[in-house]
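Below: one structure, written as structure tokens.
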There are 2 protein chains.
Amino acid sequence: MKYSIFTDDQKQAARFAKAMGHPVRMYVLELLNKQSCCYSGDLTDILPIAKSTLSQHLKELKDAGLIQGEIEGPKVKYCINRENWQQAQQLFQNFLNY
Amino acid sequence: MKYSIFTDDQKQAARFAKAMGHPVRMYVLELLNKQSCCYSGDLTDILPIAKSTLSQHLKELKDAGLIQGEIEGPKVKYCINRENWQQAQQLFQNFLNY
DNA sequence: TTTATTGTTCGTTATTTTGCGAACAAAGAT
DNA sequence: ATCTTTGTTCGCAAAATAACGAACAATAAA
């Protein structure tokens, strides 16, 4: 048990914010949130970055808990992690509106 | 004029998010948003970081446009930049809720 | 059973971030 | 006029981030 002057909510919000702090990741999140899901390859076609770079960004979003990937044959289908997304909504709403 | 597949909103949201992506900065923003304003020194007393480090974080928040500092004698009074804060509210609300 | 397709991991490089203490500048207090 | 107080800037070190291509593993297609 370690002490910190920061609340868990602050730390969690910062973690989410950090993951959102890059245009590519913002783009991906927005896409996934509007559409249902999508394959990594679709993104590679759209985004002007190497596939390895995209993979890294997706990993960061996954580590932050904002998305999840499901293996589907040779592809990976990525979706928003709805549970954590809801938590992010809560946190940012509370944060921004008071 | 440079082209980008990212919208201005996406880039702006990412900029805001990046600035919020650290517990110290999250803490400061929350404090300033709840209280009216505060002096840098008050934060130095609370936060477990060197004053030079705090100054850096404040600078980042200022560069991102989320706060503003007003010199008041030998002190500096920091406040939320309400105009940009409102923009952040808009952006994140749109982003998170669809 | 080769050959494609798909996406991750590895190795590398360049840049940015985080953090500190020391030095500095500006304003107030003595 | 000197000494405090306050906060920024500088110089530095360590760690994290961002990006790429090459190599790799897994699955599907030939």
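No hydrogens, no waters, no symmetry mates; every other heavy atom, side chains included, goes into these values. First the proteins, then the strands, lettered A, B, ... as listed; each starts at 1. These numbers come from a predicted model, not from an experiment.
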Practice task
Please list, in 5' to 3' order, the outermost nucleotides of DNA chain D lying under 4.0 Å from any heavy atom of chain B.
Solution key: D:dT6 to D:dT9

Exercise for the section: Quickly work out the B:Leu58 CG to C:dG19 P distance and round it to whole Å. Expected result: 13 Å

Practice task
Describe the nucleic acid contact of B:Gln56 in one word from base, sugar-phosphate, nothing, applying a heavy-atom distance below 4.0 Å.
Solution key: base

Practice task
Identify whether any heavy atom of B:Ile71 sits under 4.0 Å from a base atom; if not, whether one sits that close to sugar-phosphate; answer base, sugar-phosphate or nothing.
Solution key: nothing

Exercise for the section: Applying side chain to side chain contact (heavy atoms under 4.5 Å, CB included), name anything that partners A:Ala17, two or more places apart in sequence or on another chain. Expected result: A:Phe92, B:Met20

Practice task
Figure out the NE2/P separation between B:His22 and C:dT17, and round it to whole Å.
Solution key: 12 Å

Handout entry: Integer-rounded Å distance: C:dT16 C1' and B:Arg25 CZ
Key = 12 Å

Practice task
Report yes if some heavy atom in the side chain of A:Leu43 is under 4.5 Å from a heavy atom in the side chain of A:Leu31; otherwise report no.
Solution key: yes

Practice task
Would you kindly give the NE2-to-P distance between B:His57 and C:dT16, to the nearest whole Å?
Solution key: 18 Å

Problem - Under 3.5 Å: donor-acceptor pair, side chain of A:Arg25, backbone of A:His57 - result: no

Handout entry: Check: A:Asp42 side chain, A:Cys38 main-chain N or O, donor-acceptor pair, under 3.5 Å
Key = no

Exercise for the section: Give a yes/no answer on whether the side chain of B:Thr53 brings an N or O atom under 4.0 Å of OP1 or OP2 in C:dC20. Expected result: yes

Problem - Sugar-phosphate, base or nothing in reach of A:Lys51, heavy atoms under 4.0 Å - result: base

Exercise for the section: For the pair A:Asn84 (side chain) and A:Leu66 (backbone), establish whether a donor and an acceptor sit closer than 3.5 Å, ignoring hydrogens and angles. Expected result: no

Exercise for the section: Would you mind reporting whether A:Gln86 and A:Leu91 have side-chain heavy atoms less than 4.5 Å apart? Expected result: no

Practice task
On DNA chain C, check which nucleotide each of A:Ser52 and B:Ala50 is closest to and give me the residue with the more 5' one.
Solution key: A:Ser52

Handout entry: Touch class at under 4.0 angstrom, heavy-atom based, for A:Leu54 against every strand present
Key = nothing

Problem - First of A:Lys18 and A:Lys77 reached from the 5' end of DNA chain C, by closest nucleotide - result: A:Lys77

Problem - Residue pair B:Val24 / A:Phe6, side-chain heavy-atom distance below 4.5 Å - result: yes

